[in-house]
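Worksheet: the structure to be examined is printed underneath.
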Amino acid sequence: MELSDQNFASLQKYLYDTLNPDVSVRKPAETFLESVEVNENYPMLLLKLLTRDNVEMTIRIACAVTFKNYIKRNWHFDEDSKDRISPNDRMAIKENIVNIMVMSPEAIQKQLSDAVSIIGRYDFPAKWPNLIGQMVEKFQTGDFNIINGVLHTAHSIFKRYRYEFKSQALWTEIKLVLDNFAKPLTDLFVATLNLTAVHASNPAALKVIYSSLVIISKVFYSLNFQDIPEFFEDNMEIWMTNFHTLLTTDVPALHTQDDDEPGLLEQLRSQICDNAALYAQKYDEEFQSYLPTFVTAVWNLLTSTSQLAKYDSLVSNSLQFLATVADRSHYRHLFEDPAVLSSICEKVIIPNMEFRTSDEELFEDNPEEYIRRDIEGSDVDTRRRAACDLVKVLSRYFEEKMMQIFGQYVQVMLQKYAENPAQNWRSKDAALYLVTSLAAKGQTEKHGVTQSSQLVNLTDFAAQHIIPELEKPDVNSIPVIRADAVKYVMTFRTVLPRDVVVGSLPKLIAHLAAASPVVHTYAAASIEKILTIRGADQQPLVKKEEVAQLATFLLNSLFSTLSLPGSAENEYVMKAIMRSFSSLQENVIPFLAELLPKLTEKLALVARNPSKPHFNHYLFETIGLSIRIVCKGNPAAVSSFEEALFPIFQGILSQDVQEFIPYVFQLLSLLLELHESGTIPEPYMVLFPCLLVPVLWDRPGNIHPLVRLLRAFIHKGAAQIAESQKISGLLGVFQKLVASKANDHEGFYLIQSLIEHLPTQALSSYLRQVFLLLFQRLQSSKTTKFVKGLLVFMCFYAVKYGANSLIEMIDGIQPQMFGMVLERLMIVDMQKISGAVERKITAVGVTQILCECPQLVDGPYARLWSSLLQALIGLFELPQDQSTHPDDHFIEVDDTPGYTVAYSQLNFANKTEHDPLGGVGDARLNLAHSLSKLSVAYPGRLSPLLQTGLTDSDRAHLQAYLNEAKVQIA
């Protein structure tokens, strides 16, 4: 693509169309831009376009977002995939992006800063050594708009130091950064502080200066996170003294009228609290002399800051700082006086646990965000969470004192509520939050609270203050308290008595009808979590019969909730539907005639514009579960599901709804696997050729479900596949998969299915090519995963076609090659094989090689017979060998994970593990019988081999197999 005016105009038009709300306009524009992004100069076209002042700002921002997403998709590539960015473009981007970014408006700067961060993650420092020099150079300009752009970039690159695991590579990189950046950053910090005095009466200049100080403070945090750098330790006086000054100095010119968004002053003080907490937690010895002044400053801030939302982050970080200090043994004495604890409770904790007007607005106007903060744990920056964390730390060390002090406040608040519930509901809300904070000691996502304080009787509290709220008939009265009561049951579900938890189910189901999205979502989440609890006997806490008694009420209420405003795609409700089906099992069948059309209607609706990934996942899970439950007792019912689902699946595939295609393949596999072997129905056979189209295999998320679907075709209709002239297409897929480090195991699954099910004559002409491909891959990239797959494949081949056929095939490629395979692969790496079925195939295959091949008894490979037997006994008796091959390069060696970026495995549509050697029982006994038969064919030959070739322990193990099989060596 040339950097021509015509291309700029064309790009501008397509970017404009990507902003169109009409999907018929937007989607083609997005598709076109994705199709041209492989062209050389495309990224430079984007970068140049967003610098043009005569282009509308919305187009420039869309251009910046497109560029960032292009970098995110394409900058990093693994050795299995093709580099979609030309070397010239890579170089040009790195040469220009910093200059373009620092000169851009803030909205564009943010997108480009993210792009620099992505590039830096992969290229800095090795492939972008001059990046730090480019940035430091800009500090000399004195132009703070440019300097702030550089600081944003530095922050976006260095902030990953907060999350990365320690490694030599990370230390080397941080050292390089510190050597080149720590002093310029410190000099800039001091110079910027001096300018605050120079421009004290110029609000516009102060805004720019303070925004620099905010980012400098963030960069300081990142550079100090892993360990205290020597430079910062030597210059701690400069940083900490000035941080303290900034924390305690008010700048009226920076006060803002906005009650919700934090101003620069709040942002800076909040970050300084973070920095101080970092030093108090990790470098307390070095920080000790500064700590008392910071504690005083933070306490004064907390007691003087109002309840406005713009101070939330500041108050939260201030509370976290106090929690950090209280958690260190040599500062704990600061808090042990009951008067201090009482003061903290009254002046800091209670005020910050109160339900404010801004919380109420969030509860009513943005329930999704409220739920995310409250029960999903994304409330890390909220006042309530920070106050709760401080309570937990103080309770850990001063539990009895805390209970006495807080108990009084809780009683007062509950009494206040009892006097006038409608007026004083905020008091009960704070009391419930406080009780939860005090009582919860250990908590997990799966089980809720698992350890609670002995000083709080949760059952009595529930009986007095929670169950009465849930029993009130009007589910819409005081919704915040309703939500709190439901949340209490959900939080303490594993520590409350069974009768309380199970007894609350009808009350929770009733709350599904609440108008408040928060209340009915919490009810759905609670029901789902209660249905997953298992008792001490590992059986579900709520018995199937108990759920069945509630089924009509439960299912009708859940499906009705999906029609309430704001909950059409409520993921918690969908998950509760899935869990209810799972708990009910066959008891759900009578309801499916009414409910399945609702599910398929919902699927058709969301397929038009998928926007809620979790909702969609649980919807597909529910459909998969329905198929499983119904067809378990009535396999013929599969046709009814096909009739209902195929039109929708056809639409998803023809519209190329990428998010849903992996799900469709999984459900198609499930449906096809339920058919009898022999004849595949016509609609599937029409689809079959489309599954071999290369573009489908270019998307990582499709690969696993597609391989499973192809294996189902091969299993259920081997004759049809053999007649369809598509074997070469299937082997083309195998060739693509086996060449990939990430997907070679899928290639082995596919070829194993072909060998297992297809007639021998259909495959025979291709098999030599298969082995050549496998040996070429072995030579070019010998990973542990590939070696394991290759060994299992060869053993399965030996079982299916005979061990002699395997030897002839390999020796036909190169004379005596099978000896090398035995010596360098099979004997050395057999111990690495994992998975019960894989180990069984290996054992049976190796047994056949040992006992059915004259070449191994008195032929050219006889010298290896004892070693191979010893390796097989090791496979049975020794732990799995976890060592890896040099070519692994951190490729996952174990089974491929169920979840990847683009593929989510459906648990209720998963494939049951197939054992192609079901007719063979214990592989050890199979070895004993086979050796016994071999000894009859070669009388007196085996005993000397066993005596000289095996260790005493191996002989003992082998004798045990023979004894158990009741056979002996002749």
Side-chain angles (χ1 to χ4, degrees), residues 748 752 784-785 787-800 802-803 806 818 821-853 856-857 861-885 893-895 913-936 938 941-970:
F748 282 119
Q752 185 176 305
T784 305
K785 181 158 72 84
V787 168
K788 286 159 65 173
L790 178 60
L791 289 179
V792 174
F793 164 73
M794 287 193 291
C795 289
F796 188 68
Y797 185 98
V799 174
K800 178 72 177 176
L806 175 69
F818 187 69
V821 168
L822 284 179
E823 214 163 354
R824 298 182 193 173
L825 282 178
M826 210 166 269
I827 291 168
V828 177
D829 287 322
M830 196 189 304
Q831 203 58 41
K832 291 187 169 71
I833 291 167
S834 56
V837 171
E838 286 80 359
R839 288 170 82 89
K840 181 180 178 182
I841 291 170
T842 306
V844 175
V846 171
T847 298
Q848 291 210 4
I849 294 168
L850 283 165
C851 300
E852 294 180 10
C853 299
L856 256 90
V857 183
Y861 306 128
R863 64 190 170 83
L864 298 169
W865 192 89
S866 301
S867 302
L868 186 60
L869 177 58
Q870 194 165 8
L872 178 54
I873 294 168
L875 179 72
F876 290 141
E877 302 300 338
L878 297 174
Q880 187 196 336
D881 175 5
Q882 302 283 355
S883 66
T884 58
H885 284 285
V893 172
D894 293 316
D895 294 332
E913 190 169 36
H914 168 60
D915 179 1
L917 306 184
V920 179
D922 188 332
R924 295 173 174 83
L925 303 189
N926 178 60
L927 171 64
H929 285 293
S930 301
L931 284 173
S932 179
K933 279 185 198 168
L934 180 67
S935 73
V936 172
Y938 292 88
R941 291 283 298 279
L942 262 57
S943 293
L945 283 173
L946 299 177
Q947 200 59 39
T948 56
L950 297 185
T951 64
D952 290 345
S953 66
D954 285 338
R955 275 196 303 278
H957 288 308
L958 183 57
Q959 190 57 53
Y961 310 157
L962 293 163
N963 293 344
E964 194 178 340
K966 299 184 173 61
V967 293
Q968 56 190 12
I969 302 291

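Nothing fancy with the numbering, it's 1 onward along the sequence.
Atom-to-atom distance recorded for L875:CG and M830:CE is 6.5 Å, nearest 0.5 angstrom. The distance from atom CG of L806 to atom SG of C853, rounded to the nearest 0.5 Å, is 8.0 Å. Note that CZ of R941 is 12.0 Å distant from OG of S935, once rounded to the nearest 0.5 Å. To the nearest 0.5 Å, atom CG of residue L868 and atom CG of residue L822 are 5.5 Å apart. Atom CD1 of I827 and atom CG of L864 lie 5.0 Å apart (nearest 0.5 Å). Rounding to the nearest 0.5 angstrom, the gap separating the CG atom in L950 from the CG atom in L945 is 9.0 Å.
A donor-acceptor pair under 3.5 Å is absent between the side-chain atoms of Q752 and the main chain of F793, judged by distance alone. When atom types are taken as modelled, the side chain of E838 and the backbone of I833 share no donor-acceptor pair closer than 3.5 angstrom. The backbone N or O of T784 lies less than 3.5 Å from no partner atom in the side chain of K832, so there is not a single donor-acceptor pair.
Side chains of W865 and L942 form a contact here, defined as non-hydrogen atoms less than 4.5 Å apart. A 4.5 Å side-chain heavy-atom check between L850 and L934 finds every atom pair outside the cut-off. Side-chain contact between I841 and L917 is present, with at least one heavy-atom pair separated by less than 4.5 Å. Contact annotation: the side chain of V821 never approaches that of Y861 to less than 4.5 Å [non-hydrogen atoms, C-beta and beyond]. With a 4.5 Å cut-off on side-chain heavy atoms, L869 and L946 count as touching. Looking at S866 and T948, their side chains never come closer than 4.5 Å, going by heavy atoms from C-beta outward.
Closest approach of Q848 to G802, counting heavy atoms only: OE1-CA, 4.4 Å. Contact detail for R824 and D829: the closest heavy-atom pair is O-OD2, 4.1 Å. Contact between C795 and V846 at its shortest, heavy atoms only, is SG-CG2, 3.8 Å. Between L872 and A843 the shortest heavy-atom distance is CD1-CA, 3.6 Å. Taking all atoms of both residues into account, the shortest heavy-atom contact from V837 to H914 is CG1-O, 3.8 Å.
None of V844, V920, I849, T842 except one satisfies the side-chain contact (heavy atoms from CB on, under 4.5 Å) rule with V799; the exception is V844.
Within the structure, no pair that satisfies the side-chain hydrogen bond (donor to acceptor under 3.5 Å, both in side chains) test touches residues 923-933, not counting sequence neighbours.
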Could you list the donor-acceptor pairs under 3.5 angstrom formed between side-chain atoms of residues 960-970 and any protein atom two or more places apart in sequence or on another chain?
unit_1: Y961; atom_1: OH; unit_2: E877; atom_2: OE2; d: 2.6
unit_1: N963; atom_1: OD1; unit_2: Q959; atom_2: NE2; d: 2.9
unit_1: N963; atom_1: ND2; unit_2: Q959; atom_2: O; d: 3.3

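R955 is linked by a salt bridge (Lys or Arg N to Asp or Glu O under 4.0 Å) to D952, counting only residues two or more places apart in sequence or in another chain.
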